[in-house]
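First the proteins, then the strands, lettered A, B, ... as listed; each starts at 1.
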Number of protein chains: 2
Amino acid sequence: MAKVSTMTVARVLREPGKVAEETRSRVEAVLRRTGYTPDLVARSLAISRTGVVAVLVPHLGHSSFTDTIQGMSDVLAEDGNHILVGATGFSLEKEEALVRAFLSRRVDAMFLTGTTHAPGTVAALAGAGIPVVEGNNLPDRPIGLVVGFSNEAAARAATEHLIARGYRAIAHVGLHERNNDRMRDRHRGYAAALRAARLRIRPEWSIATDLTIDAGAAAMARLLAGDPRPRAVFCASDVLAMGALQECNRRGVRVPDDVAIAGFDDLEFASQLLPALTTIRVPRYQIGRDAGLLIRDALAGRKIARRVLDLGFELVVRGST
Amino acid sequence: MAKVSTMTVARVLREPGKVAEETRSRVEAVLRRTGYTPDLVARSLAISRTGVVAVLVPHLGHSSFTDTIQGMSDVLAEDGNHILVGATGFSLEKEEALVRAFLSRRVDAMFLTGTTHAPGTVAALAGAGIPVVEGNNLPDRPIGLVVGFSNEAAARAATEHLIARGYRAIAHVGLHERNNDRMRDRHRGYAAALRAARLRIRPEWSIATDLTIDAGAAAMARLLAGDPRPRAVFCASDVLAMGALQECNRRGVRVPDDVAIAGFDDLEFASQLLPALTTIRVPRYQIGRDAGLLIRDALAGRKIARRVLDLGFELVVRGST
DNA sequence: TTTCCTTATGTGACCGCATACATTAGCAAG
DNA sequence: CTTGCTAATGTATGCGGTCACATAAGGAAA
């Protein structure tokens with residue numbers, strides 16, 4: 001329509017400086033008039049880069065995961081990169097299926113939550129030759145890049161805090177640990193702290209349940225009904241901790257006088273509970289940002305100074321302990 | 001490598017029945033050995049369908065939005081479709097930029113949160129000719145398909161409940177309403193209920209703030225400091241309501257005896273607060289599922305029976321009122 | 001004037017797959 | 001033995017861009 005070849009149009013779009021003023025404005029007029037939208041699919045095929053990054057999380061709808069997505073989105077969007085999300089539902093098989101599907105979609109990089117993956121997942125990723133970031137934990141044998149913190153050390157710090165406060169009868173409420181390295185490591189950190197203090201580890205004081213407030217409440221109810229009762233409870237998630245805390249509040253069990261409660265994650269509501277929740281603050285959003293920055297550098301071919309970023313954690317002591 | 005043409009390989013992948021047993025196994029062996037991954041980018045270009053749906057939400061990290069994404073993901077994943085997410089940050093300009101970018105990526109369909117969009121957004125979508133679903137509210141003039149509920153009616157129901165409980169001095173705490181039709185309509189519903197009951201609407205009892213628990217607490221503090229004090233507060237989000245409620249709890253203001261509080265959304269924690277929060281339950285996850293189903297039908301070329309799905313809401317009366 | 005750059009634009013091949021059609025071989029029916 | 005059909009495979013072309021290179025026009029330097 002502008003009586004130029006497709007190449008000239010392409011140049012108007014990507015390197016306008018190399019096109020003569022006159023032709024350019026002519027082409028631009030046509031582009032505007034026709035509402036032309038460049039086809040990134042074709043472009044992707046041609047340059048073998050899609051500008052899409054895959055992000056796999058266990059579940060959308062928990063801000064512990066989606067805050068990370070937001071962080072990555074914020075960074076990647078700056079360069080016009082976008083995010084393909086997948087929810088694995090804590091299943092390694094689903095994760096593998098999603099990884100294969102996303103590789104077929106030729107994503108430029110991939111973010112995985114956690115460090116436990118099916119062998120096929122790892123193999124597929126290795127064959128793809130794209131940057132891979134594992135987040136939220138520190139793997140023994142990383143696939144590629146890592147942005148996380150030590151769940152074990154954090155849980156241990158929380159438990160040691162309880163011990164330092166004088167509690168000796170300390171229970172643990174966490175999630176099912178099958179395929180969930182974060183929760184497994186938190187449980188380990190708890191156990192390590194008890195062992196180091198030569199405190200008794202009672203199996204009936206370790207409860208694995210679902211990631212809901214209700215489940216936390218039910219777990220606390222079970223602990224309170226037990227004999228002996230624990231004097232403190234470390235919950236491997238603030239979600240559980242809220243349930244536990246409110247269950248105490250409902251029953252008139254005083255926190256922390258009768259039972260102390262510590263959580264994990266420092267979700268928004270933690271500081272607003274009564275009493276405010278002692279917890280472990282983790283850099284969810286920052287993990288996303290840093291993962292995004294790592295990916296950006298890797299895709300730009302820049303040298304990656306540190307392939308494993310330990311962003312640490314912070315024990316936030318509040319009224320519940 | 002299997003001494004066949006690319007076409008035969010393609011057939012092995014998509015219609016194995018049409019390939020002779022012997023050749024097929026020979027090809028399959030090579031596929032497995034080489035770890036071949038079909039290129040969906042090329043496929044997309046050839047068939048001009050990507051199997052990707054764009055989902056725009058104001059913010060990742062609020063389950064009110066991400067639950068919907070999860071619902072859509074669950075449905076779409078069944079057919080191997082995937083989701084490209086975008087966070088608009090409540091900005092119409094960002095939304096428009098994302099819409100254009102996603103159209104360039106040739107997404108098969110698009111989900112938008114809310115019904116307020118920039119003119120350029122609407123125009124671009126109209127030109128694209130793909131299914132568009134607006135969610136979370138009922139638009140006056142829909143772009144295409146709609147899955148939502150009436151925010152105005154819901155807010156009105158909540159406010160009428162307060163009135164029926166005997167409260168006459170009712171305040172409103174919501175979000176900034178610029179570009180946010182959901183919040184605007186909730187505010188309208190509140191006002192409509194007051195007007196219908198011939199109750200006074202005091203401007204100083206309508207607070208617009210940020211979507212954080214802290215902000216809800218601050219708003220409540222302001223209301224409590226005012227003279228006269230409201231006897232009930234309708235919060236346009238449970239996030240705000242939690243802040244308001246806990247602020248009362250901290251100050252020893254009794255809920256609902258001194259001040260009643262109603263929220264909106266029925267987030268997970270609502271039923272676990274003390275007292276439990278009266279709120280409006282909205283079908284977040286179901287909106288995602290139904291949007292996914294509508295999109296699936298539209299893409300399959302099936303006739304869409306109803307282009308506007310009003311999924312309704314439910315007033316959940318609990319202890320806070 | 002000729003030569004050589006520079007600037008502006010065009011050409012053709014290719015990215016990996018799908019579509020429509022062509023080709024080949026094998027076999028039953030006439 | 002043809003003819004005609006079916007089953008199995010191949011060929012050519014296009015999707016909408018990009019890349020490397022070719023070409024044309026104009027001006028400066030020799």
- Query: Could you run down nucleotides 7-18 of chain D 5' to 3' and tag each one B, S or - for protein heavy-atom contact under 4.0 Å?
  - Reply: -SBBB--BBBBS
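Centroid-to-centroid, the aromatic rings of B/His59 and B/Phe90 stay 6.0 Å apart or farther.
Residues B/Asn179 and B/Thr116 have side chains that never bring a donor and an acceptor to within less than 3.5 angstrom of each other. Side-chain contact, A/Glu134 with A/His117: a donor N or O sits under 3.5 Å from an acceptor N or O.
Here B/Arg296 pairs with B/Glu78 in a salt bridge; the nearest charged N to carboxylate O distance falls below 4.0 Å.
To the nearest 0.5 Å, the span separating CD1 on A/Ile295 from CG on A/Asp108 amounts to 9.5 Å.
Atoms CG (B/Leu13) and P (C/dA18) sit 8 Å apart, rounded to a whole Å.
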